[in-house]
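Naming convention: chains lettered A, B, ... in sequence-line order (proteins, then strands); numbering from 1 in each chain.
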There are 2 protein chains.
Amino acid sequence: MQNPLGPIDRKILRLLQHNGDLTAAEVAEKVELSQSPCWRRIHRMQEDGLIERKVALLNPKLLGLSMTVFVNIKLSAHGRSNLEEFEQAIVGYPEVLECYTMAGGSDYLLKVVAKDIAGYERFLRDQLLQRPHVQEAHSNIAMSEVKRTTELPLD
Amino acid sequence: MQNPLGPIDRKILRLLQHNGDLTAAEVAEKVELSQSPCWRRIHRMQEDGLIERKVALLNPKLLGLSMTVFVNIKLSAHGRSNLEEFEQAIVGYPEVLECYTMAGGSDYLLKVVAKDIAGYERFLRDQLLQRPHVQEAHSNIAMSEVKRTTELPLD
DNA sequence: TGTGAAAAGGCGCAAAC
DNA sequence: GTTTGCGCCTTTTCACA
């Protein structure tokens, strides 16, 4: 892997993380390069894992997923196996989009989506709170979305 | 727009939000359909906005973005224009990936990425805290990532 | 690294059934 | 929804500066 990312590569990445449908030729045009080297750069960055994959982004509202909730979880037992078991379960829940271990007050922060309050409560009551060693779960409900992007800063 | 999403469409979406490189033919094969109707379904869902767009997902670690911070913001003045001005600024910051208005304690929740503590502090001190009417900013630092996906639940 | 060209096959898209 | 087909375009490679 060839690390120090040049300005051209940055530009390519910026384009691609905004529109994954762009072909090598289209990208080449926008970065003022010819096809081949542009294609090679893209290809290399994919192999390096810098470009992880391409995905289709869906519209949550149109799918009826109008709720986003951030949940702070605290466990009552912090043995290695307890943590691992909890984390594995989390990965398996499709309604949990993100999960981080946190410094400070709570052990985990989860980002959860649901259709509505009822749907969220069902997930909370029947799934999350049923897990062993879950001591606290503080739900913070998002009322509206100001910004949501997958584009990382490239400066 | 043709609303009640059938099980085949769901399956298509599930595939596409996992791998956006799949061609209509490949999707068709996996959902046991022939090319054309599959292509038409995908095309329709794009026009309907259900499939918003395709993007390349980059690896934050390899870009040196090893920090994720969730920031709770409280404003001191909640006039319409203050809120709008703040939100516009937020949208303009590339290091802010997500921002929601929250029910409860704080006004906004931001998800911010940075290279390291120093980089984050610079953003906090020089950008966020410099904005008018920002009263409080509580930073919650993510230590490790258990799960991170853009795939929405489709059940 | 860059440029230009070229082969081959795949893909989008539409028509007819 | 199916099968068929056309033609463009994309990807991928090579020789060369």
Using the heavy-atom set of chain A and a strict 4.0 Å cut-off, write down the first and last nucleotide of DNA chain D that makes it in, 5' to 3'. D/dT10 to D/dT13
For A/D155, which residues count as a side chain to side chain contact (heavy atoms under 4.5 Å, CB included) partner, sequence neighbours excluded? A/R14, B/P94
Does any pair with a residue in residues 60-70 of chain B pass salt bridge (charged side-chain N to carboxylate O under 4.0 Å, His left out), and if so which ones, sequence neighbours excluded? none
Under 3.5 Å donor-acceptor, B/K115 side chain and B/S66 backbone: no
The side chain to side chain contact (heavy atoms under 4.5 Å, CB included) partners of B/Q46 (sequence neighbours excluded) come to B/I42, B/H43, B/I51, B/K54
Taking only residues at least two apart or on different chains, which pairs with a member in residues 70-81 of chain A satisfy side-chain hydrogen bond (donor to acceptor under 3.5 Å, both in side chains)? A/N72-A/S106, A/H78-A/D107, A/R80-A/E84
Test of understanding: with side chain to side chain donor-acceptor pair (under 3.5 Å), list the residues that count as partners of A/T150, not counting sequence neighbours. none
For A/E26, salt bridge (Lys or Arg N to Asp or Glu O under 4.0 Å) partners two or more places apart: none
Comparing nearest nucleotides in DNA chain C, the 5'-proximal residue of the pair A/Q35, A/R41 is A/R41
Distances under 3.5 Å between protein N/O atoms and the N/O atoms of nucleotides 14-17 of chain C, please, pair by pair.
unit_1, atom_1, unit_2, atom_2, d
C/dA14, N6, B/S36, OG, 2.8

Sequence-distant partners of A/E151, salt bridge (Lys or Arg N to Asp or Glu O under 4.0 Å), two or more places apart: B/R53
Taking only residues two or more places apart in sequence, or in another chain, which ones meet A/E121 in a salt bridge (Lys or Arg N to Asp or Glu O under 4.0 Å)? A/R125
State which residues pass salt bridge (Lys or Arg N to Asp or Glu O under 4.0 Å) with A/R10; sequence neighbours excluded, sorted by chain then number. none
Kindly state which residues belonging to residues 14-33 of chain B come within less than 4.0 angstrom of DNA chain C, counting heavy atoms of the residue only, listed by number. B/T23, B/A24
